[in-house]
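Any value given below was found using the heavy atoms of this structure, including those in side chains, with hydrogens, waters and symmetry copies removed. By convention in this document, chain letters (A, B, ...) are assigned in the order of the sequence lines, proteins followed by strands, and residues within each chain are numbered from 1.
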Number of protein chains: 2
Amino acid sequence: MKTATRKDEIIAAASSLFKEKGYSAVSMRDIAQEMGIKAASLYNHISGKQEILSTLVLFLAKEFTRGMHSVMISERSPLDKIRDIIELHIDITVNHSEALAALNNDWMHLEDQDLSDFVKMREDYEENFRTIVKEGIKAGDLKPRHPEVILFSILSTLRTLYLWYQKRGKLDVNILKKDMVAVLLKGIV
Amino acid sequence: MKTATRKDEIIAAASSLFKEKGYSAVSMRDIAQEMGIKAASLYNHISGKQEILSTLVLFLAKEFTRGMHSVMISERSPLDKIRDIIELHIDITVNHSEALAALNNDWMHLEDQDLSDFVKMREDYEENFRTIVKEGIKAGDLKPRHPEVILFSILSTLRTLYLWYQKRGKLDVNILKKDMVAVLLKGIV
DNA sequence: AAATTAGACTAACAAACGTTAGTTTTGTGA
DNA sequence: TCACAAAACTAACGTTTGTTAGTCTAATTT
């Protein structure tokens, strides 16, 4: 557990502001004020506003990519893989709830290589998920519904979880996982 | 069916840009360019950027509020009311898919009275939904799960539907409703 | 034909933006 | 105590921002 550098502190402060107002509505002066310093001082630690965003977003994108990869190479059933993906999202949400807003809402403000890297990772992630869903249907694990609707309903719930997790007073992670898996897989009626 | 005024055209152009980059990242010059005119000309039709946002967001918020109200006063079962709410979201998504991005992501840039009006409507909407879910559980219509988790999983799926609706080539509305109700209520396994 | 109006235009404004340059302060190790 | 590096500062830059004022044009109304 290495100590947080000044750069990490800036990124954390920025995350919090991005979550409230979005990347474009947050100025370097806002971030500096949150840190108790002047805007120009930020440049002793980071190269610019864009670096804050890309550090934030690409870190999380890689986290999801890595998680999906280990699910893919596991020998578990399609249904269990979906359970694992749900838990992956919950784990990342619990550990990085501030930064997830930027991942979801501000990725389009990335530039050049960072943007195309991100889009690639996101597309691959969805494609892998889609494959698992299709395998689940073929194997009879899942009901024979349109894979796209299943994929969408699970993914949009998981992607917006960060919005609720904080508001509802940080529920216990294991209870959350249990409830979430139950509702998403078995429905409510 | 009254014809679209120039103001309506501006709001439509702005919606499309807001959806792509968010309210703060879109300039009046961007909107003007989309219309093929100069930024200053926009002010012959609207009072400012803020009016575009509030027109957009409050219109939709009222649409949801009105829809929820007619569901509430109906004499249907809690389960049927939830079905109706799902269909309400799908109808609004199909008819206003561009504007929904601003509702979801840019409402916090509203000012003063508009902001507090919006927040009130949104809170009331969620509270009404929550009440229906609780009644459904009490009546035995729904499984006895935590109402908050049910509410969250349905609502976050419905709220992000606009993102998928366009990407997946505008599916048929009735099929979409059927699939959606099935997946959200009965689960996938 | 004259008058009115809707809707575009150019030019400019003050404020806020991200960022740079150069300087001063602060804390650490020799 | 001195030297050095880390990290703050002030001041300013060129751009972009939302918006206003005033003007011109083309269509519609009288």
Determine whether a donor-acceptor pair (N or O, by modelled atom type, separation under 3.5 Å) exists between the side chain of [X] and the backbone of [Y].
X: A:N104; Y: A:T160; result: no
X: A:K49; Y: A:Y23; result: yes
X: B:H89; Y: B:F64; result: no

In whole angstrom, what separates [X]'s [atom1] from [N]'s [atom2]?
X: A:R6; N: C:dT26; atom1: CZ; atom2: C1'; value: 13 Å
X: A:M35; N: D:dA6; atom1: CE; atom2: C1'; value: 14 Å
X: B:I46; N: D:dG18; atom1: CD1; atom2: C1'; value: 10 Å

| Polar side chain donor-acceptor pair, A:D8 to A:T5, under 3.5 angstrom | yes
| Tell me, for nucleotides 10-21 of chain C in 5' to 3' order, what letter each nucleotide earns: B for a base near a protein heavy atom under 4.0 Å, S for only sugar-phosphate near one, - for neither? | BBB----BBBBB
| query | Which atom pair, heavy atoms only, marks the closest approach of A:L110 to A:S54? | reply |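 Between these two residues, the closest heavy atoms are CD2-CA, 3.6 Å.
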| Can you find a donor-acceptor pair, distance only, under 3.5 Å between B:N44 side chain and C:dA8 base? | yes
| query | side-chain contact (heavy atoms from CB on, under 4.5 Å) between A:I82 and A:L142: does it pass, once the steps are laid out? | reply | CA-CA 11 Å; A:I82 293 177; A:L142 306 184; 3.8 Å; yes
| Within the pair A:H45 and D:dA8, is there a side-chain N or O less than 4.0 Å away from OP1 or OP2? |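 Result: yes.
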